[in-house]
Undergrad: 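Provided herewith is a single structure, encoded as structure tokens, for subsequent inquiry.
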Protein chains: 2
Amino acid sequence: MTITRDQVLDRALGLAAWRQVADAVEADITSGRLKPGDRLAPESQLAERFGVNRHTVRRGLAMLAERGLVRATQGSGTFVETAPVVYPIGLKTRFSEVMAKVGREARGELVSAEHVPADKGIAEALGIEKGSPILQMHTIYRADGVPLSFARTCFPLPRFLGLDQHFAAKGSLTKAYKKLGIEDYKRLSTRITARMADPAEAAQLDIAPGRVVLIISSINVDLEGVRIQATQSRFVADRVELTIER
Amino acid sequence: MTITRDQVLDRALGLAAWRQVADAVEADITSGRLKPGDRLAPESQLAERFGVNRHTVRRGLAMLAERGLVRATQGSGTFVETAPVVYPIGLKTRFSEVMAKVGREARGELVSAEHVPADKGIAEALGIEKGSPILQMHTIYRADGVPLSFARTCFPLPRFLGLDQHFAAKGSLTKAYKKLGIEDYKRLSTRITARMADPAEAAQLDIAPGRVVLIISSINVDLEGVRIQATQSRFVADRVELTIER
DNA sequence: TGCGATTTGTGCGTATGTATA
DNA sequence: ATATACATACGCACAAATCGC
């Protein structure tokens, strides 16, 4: 493929070159010339095409990466990100079902599980005594292999002993609950905020530290209204769009 | 003041130099050695202190700026940002009522109002033809003077002519609606995501560009179910916490 | 398994423009 | 007007990761 040199750049004035590069690439994406999953031309080629230094290209791409439009992988290339998943937050939100509906393969992965005493916040959320034993799990949920959320989930302990192993085997919390005889559960409360990902979260979610995550703190109850689960999920902000069902 | 050279840098390996610079400066801030409003040492001095190139310092500071810890002003210096006011609110229905409940003085301020043709997105949201006339308002909501959200709200036009003037006078959308004979309305749909604030939003919300905003897109309907309002609000993420209670 | 080519990541040195004090 | 300090940009070099052979 031939490379067109000096694609329109308003050199003289106004916008910075790196911003113009970003705009041009963004236009390629929004117009559909580049589709989700496509690989961008290498930085060196883009540099040549726009008649700028590779650093200048990199700065433009960095901005797009921040906004979640593209994603760079060392040694491989820079790729157009897939469109965000619409994720309903309702009384009964089941991750696997949501994903299945959008036609994506979903699975929860158990990162760690441990028995620890409940701190003040967790104890309040679960309605138990501070210091009571709880099962604390860290999990990652992916859609088609791409991490969507990284969560810490806590369960009161005598009751949910072994839940982690069921979850690890099934990859679904709903199924793990069934193993323990809990046929149904629902959402009691949901709180939402957002901030930038810290390094640990970024590593788990495979994003650059500083990217935005939506923080969803929720409490689930069983059919008797007893609190069984307190979760803090961190969703990669530009990979999901939350919708509130009524 | 004397400049200490070669402040700990793990040169050999592992973390990138620019990241270590960022960490060091962040440590200065979180430890209190640098207080909100303080000016950092010039980039050139930091470069000398860490024994790196000024570009390397700049990259580190850029990350901190993105995260909202510092803010660079050309020709002046780089400053530690003032601590954000944390302000929790619930996502009920009426902004003024919510604020009143927490004992805050709330008022919506009309930034601009104009008659424009509906673009594709707005038309879909309001269930009207693309290009139909709409009233588009930009508003800022503050609690005790602190900006909480910056919103663009659209109304279909023949019906809501003059709504902007009522809103400007009352500072409340609910009251403005009453003037036009709409006694009640409710939320049809709500979508939530988050990203970094662009410069325009940052200016309106009085935050550093790159700070996180929660984006809430909502549609309201009147009692007959007719769509009357499409809003995109941008909340300063660390000034609000959305809660969905049931 | 290893090697080499490709591609992104990091860093240095330099130069020029522009806003601020 | 001058000096300072941040903003942008170029060129070069090498490291690190990935992928195909």
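Chain A is the first sequence line, chain B the second, and so forth, proteins listed ahead of strands; every chain is numbered from 1.
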Undergrad: Is the number of heavy atoms from other residues, nucleotides or ligands within 6.0 Å of CD (B:E109) greater than 12?
TA: yes

Undergrad: Quick one: B:R39 CZ to D:dT4 P, roughly how many Å, whole number?
TA: 12 Å

Undergrad: Between C:dG9, D:dA9, D:dC6, spot the one nearest the side chain of B:H55, thanks.
TA: D:dA9

Undergrad: From C-beta outward on A:Q74, which listed nucleotide comes closest to its side chain: C:dC12, D:dA9, D:dA15?
TA: D:dA15

Undergrad: In whole angstroms, how far is the P atom of D:dA5 from the CG atom of B:L46?
TA: 11 Å

Undergrad: Side chain of A:A72: nearest nucleotide among C:dT8, D:dC10, C:dC12?
TA: C:dT8

Undergrad: Report the distance from atom CG of B:L61 to atom C1' of D:dA7, rounded to the nearest whole Å.
TA: 13 Å

Undergrad: Check every atom of D:dC6, C:dG11, D:dA9 against the side chain of A:W18 and return the nucleotide holding the closest atom.
TA: D:dA9

Undergrad: Test your reading of the model: is there a side-chain donor-acceptor pair from A:R39 to the backbone of A:S76, 3.5 Å cut-off?
TA: yes

Undergrad: What's the CZ-P distance between B:R58 and C:dA15, to the nearest Å?
TA: 18 Å

Undergrad: Does any donor-acceptor pair link the side chain of B:N53 with the base of C:dG11 at a separation under 3.5 Å?
TA: no

Undergrad: Can you figure out which of C:dG13, C:dT8, D:dA9 approaches the side chain of A:A16 most closely?
TA: D:dA9

Undergrad: Is there a side-chain contact between B:R54 and the phosphate of C:dC12, meaning an N or O under 4.0 Å from OP1 or OP2?
TA: no

Undergrad: Just the rounded figure in Å: distance from C1' of C:dT8 to CZ of A:R71.
TA: 14 Å

Undergrad: Any idea which of C:dT8, D:dC6, D:dA9 is nearest the B:T78 side chain?
TA: D:dC6

Undergrad: Return the nucleotide paired to C:dT20: Watson-Crick means purine N1 to pyrimidine N3 with N6-O4 or O6-N4, wobble means G-U with N1-O2 and O6-N3, both under 3.5 Å.
TA: D:dA3

Undergrad: Considering just the side-chain nitrogens and oxygens of B:S44, establish if one lies under 4.0 Å of OP1 or OP2 belonging to D:dT4.
TA: no

Undergrad: Distance alone, cut at 3.5 Å: any donor-acceptor contact between the side chains of A:Q229 and A:T231?
TA: yes

Undergrad: What is the separation between atom CZ on A:R59 and atom P on D:dA7, rounded to the nearest whole Å?
TA: 8 Å

Undergrad: D:dT8 phosphate, OP1 or OP2: any side-chain N/O from A:T56 under 4.0 angstrom?
TA: no

Undergrad: Write down the distance between CD (A:E43) and C1' (D:dC10), rounded to a whole number of angstrom.
TA: 15 Å

Undergrad: Fit a plane to each ring of A:F150 and A:H138, take the angle between them on a 0 to 90° scale, and name the class: parallel (under 30°), tilted (30 to 60°) or perpendicular (over 60°).
TA: parallel

